[in-house]
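The block underneath contains the structure these notes are about, expressed in C-alpha cells.
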Amino acid sequence: MFDRISIRYKLIVLLGLSAALALLISSVITIYSTYLSESRSSLRVLHQLTDVISENMRAALAFHDGESARTMLAALRADPHIQFAVVNDETGQPLAEYRAAAGQAAVAPLLEGVQARIRENADLLGREEGFVEHTDDETMTVLRPVFFEGKPIGLLAVVSDTRLMWAKIRELVLLQAATSVVTLLLLLFLSVKLQSVFTRPIMSLIHAMHEVARTKNYRVALESDRRDEFRDLHEGFNTMLADIRERDDLLSRLATTDALTGLANRRHAMEVLQTMAVRARRKAEPVGVIMLDIDAFKRVNDLHGHPVGDLVLQAVAQVLQASARDYDLVARLGGEEFLVVCDSGTLEVTTAVAERIRAGVEACPIEHDPGATLHVTVSLGVCAAVPPSAAGGVEKMIRAADKALYRAKEAGRNRYVVAQEEMG
Amino acid sequence: MRIAWWGLALLLCLQFPAAQAGDEERKLEAVFIGRFASYIEWPAKPRDRFVITLLDDNPFGSLLDDLYRDKRIHNKPIELRYATRLDQVGETDALFITLSSSAARAAAIDHAQRNGILTISEAKGFAESGGIIQLDFVEQKARIKINHAAALKSGLRIGAPLLSIATVLRGDKL
C-alpha cells in the first residue's frame, strides 16, 4: 500500500508522523514531569501544614486539651483540599478531628486508611523526626508524631485530596493537546511546502527520462544548479546518456563502415546511394557511379600473404578518400571491390574522379616490409546519369558500371571505361 | 439494719466510678505540673536542681515521686519537697498549693511573687487572686487558667503554646 503512494505524499506522511511522534514523546515527558513536580509540591505543602499544626498541637496534647486541638484543626477549613485530619493522644485515642464539610460521607475510608498506616508504621512514628507520607489517585496523607520532652505524646494525620493537582494536570494536558494540534498542522503545512525541495529534482529527472525515452534523443544533458546528492543523480543520468550515445555511435559506425579500411560498407553505401538517387531524380541531376577493382589482387595475396593484401586494401582506400570530393561516397563493397558515388556527378566530373583514382593508385608505393614496396593498379567502370525512376534504377547503374569495369579489365586493366549502352 | 447495709453498698457502688475518675485526674494533674514547667522560663537561678514544692496536704501520695524520679526539667534533675507551712518552703521553682484558707493562699502567692516562683493550685478563684496557674477538671477535662500579669510580676515568661490553650487573665483581672 505504502509503495503505491507518491513520494511526495510519503514525504508529507513521514514528516507528519515524525513531528507527531516527537510531539507525543515531548508531551508525555512534560506531563509526567509536571505530575511529579505537582505531586511533590502538593506533598511539600501538606508536610509544611502538618509541621506547623503539630508544633501548635503539642501543648494541646500535653494537657489533653481536646477543645484547643479541635480549634486548631478547624483552621484547616481555609484549605478546601484538606479532607480530613485527626490528632490522637499517646494512647491512640482521637483527641480531636476535622472533617471537610463536603466530604462527610467519605471520612470512614480515610480514617481506616490512616489507622492502617499507623499500624503499618508504628516504628517509624515512634521516632521524633519520623513521618509517613502516602499518595494514591484521590488522596495524599501525611502522618507525623508529636513529641514532648523527647517522648511521643500523640500523632497528627492530615489527608488532602488530589483534585488541585489533577486539575493542573488536566489543564496542562488540554494545553499540550491544543499546542500539539496547532504545531502539527503548522508542520504539516510546512511539510507540504518543503516536500517540493526533495520532489522537484526527482520529478524533473523523471520528466527528462520520459522525454528521452519518448524521443530517443540521447544527446540531451540535464542541467542542475544543486550541490547535494541530486547533483550526483543528475550527473549520473547525464553520464549514462553519454555512455548510451557513445555506444550508439560505435554501433552505428560498426553498422555503416568497413572495419579494415574505415570506408562505408556495402549496406550503408546502398542506403546512401538510394538517398542520392532520389534527390538527384527530384532535381533532375546526374549521379556518377564508379565501380573499381584492384588488378591482380589474388597474386598480391599469394605472393605476399593476406596481411600485405590488407595493407594494399588500406592504401587503395586512402587514395580513394583523397581522390574523391568531400561530398562523394567511397565504400568497400567486399574483397578488392570498391564503389565511389559522385553526388551531382556529370560524366565529365565522374571520369575526372575515376582518372584521379587510377593515377593515384598507380603512383602510390605500398611499403609492405621495411624498405620493400610494391605497386598495384585498379580498373574502373564509370556510369553517370540521372537515375532511372523505375524500381531498381540504382541497381541498373551499378550493374552498368560493373560491366564497364569488366570491359576495362578485358581491355588490359589500369584504366577506366565509361558505360554507355548498358543504361539504355 | 439490713436496709441500712444495702444502702451503704449502693452508696459505695455509686462512689467507685467517681473515685476512679478522681484518681485519673490526679495522675494527669501530677503530669501537668512537670509539663507546665516546660513552657515557662524562670529568671536565671544558681541552682543545680529543679525544685517542686507541695504546700500543705499531699493529695498525690507517692505519685509525684514515682513520676519524677530520675526525670529532668530544663535539663536539671527534679527535687520534690513537701511543706506544711509557708516558712518551710524555702528556695523553690514551682509551688503546688493545696491550702484551703484563702488568706494562707494569698500569703503563699505573695511569697512566690517576691521569689520568682510558679504557683499552681486547683483552688477556685486561685488565678483571680494572683496565683499563676489554676488547674481544675470539669467532666474529666482539664481547664487551665493562667494569670499572665501575675506571671510577669513574678518574673516568669509563659510560652505562647501554653497560653494558646489556656484561659488567660490579663492585668485588669489582677
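Side-chain atoms are counted along with the backbone in the values below, which use heavy atoms only and exclude waters and symmetry mates. Naming: A, B, ... by sequence-line order, numbering from 1 per chain.
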Chi angles and distances behind the side-chain contact (heavy atoms from CB on, under 4.5 Å) call for A:Asp65, B:Arg143: CA-CA 8 Å; A:Asp65 187 348; B:Arg143 292 287 170 84; over 6 Å; no
Verify the neighbour count for atom [atom1] of [X]: are there more than 12 heavy atoms of other residues, nucleotides or ligands below 6.0 Å?
X        : atom1 : value
A:Lys10  : NZ    : yes
B:Arg72  : CZ    : yes
A:Glu229 : CD    : no
B:Lys124 : NZ    : no
A:Glu67  : CD    : no
B:Arg47  : CZ    : yes
B:Lys76  : NZ    : yes
A:Glu120 : CD    : yes

Please identify, among A:Ser68, A:Ala69, A:Gly66, the residue contributing the most non-hydrogen atom pairs under 4.5 Å to chain B.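 The answer is A:Ser68.
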Return the orientation label for the B:Phe36 and A:Phe63 ring planes: parallel under 30°, perpendicular over 60°, tilted otherwise.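 Because their plane-to-plane angle is under 30°, the rings of B:Phe36 and A:Phe63 count as parallel.
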What is the minimum heavy-atom distance between B:Leu162 and A:Ala59, and which atoms define it?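 Smallest heavy-atom distance, with atoms named: N-CB, 4.2 Å.
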Less than 4.5 Å to any heavy atom of chain A: does that hold for the side chain of [X], its backbone, both, or neither?
X       : answer
B:Leu28 : side chain
B:Ile73 : neither
B:Phe32 : both

What distance separates B:Ser164 OG from A:Arg58 CZ, expressed to the nearest 0.5 Å?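 Going from OG on B:Ser164 over to CZ on A:Arg58, the span is 12.0 Å.
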About how many Å separate CZ of B:Phe137 and NE2 of A:His64, when rounded to the nearest 0.5 Å?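 Rounded to the nearest 0.5 Å, the NE2-CZ separation comes to 9.0 Å.
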With a 4.5 angstrom heavy-atom cut-off, could you sort out which part of A:Phe148 is near chain B: side chain, backbone, both or neither?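 For A:Phe148, the side chain is the part near chain B, not the backbone.
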What part of A:Met57 gets closer than 4.5 Å to chain B, counting heavy atoms only: side chain, backbone, both or neither?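 For A:Met57, there is no contact with chain B at all, as no heavy atom is under 4.5 Å.
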Would you check if B:Arg35 and A:Ile153 make a side-chain contact, meaning some heavy-atom pair closer than 4.5 Å?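 Yes - at least one pair of side-chain heavy atoms lies under 4.5 Å apart.
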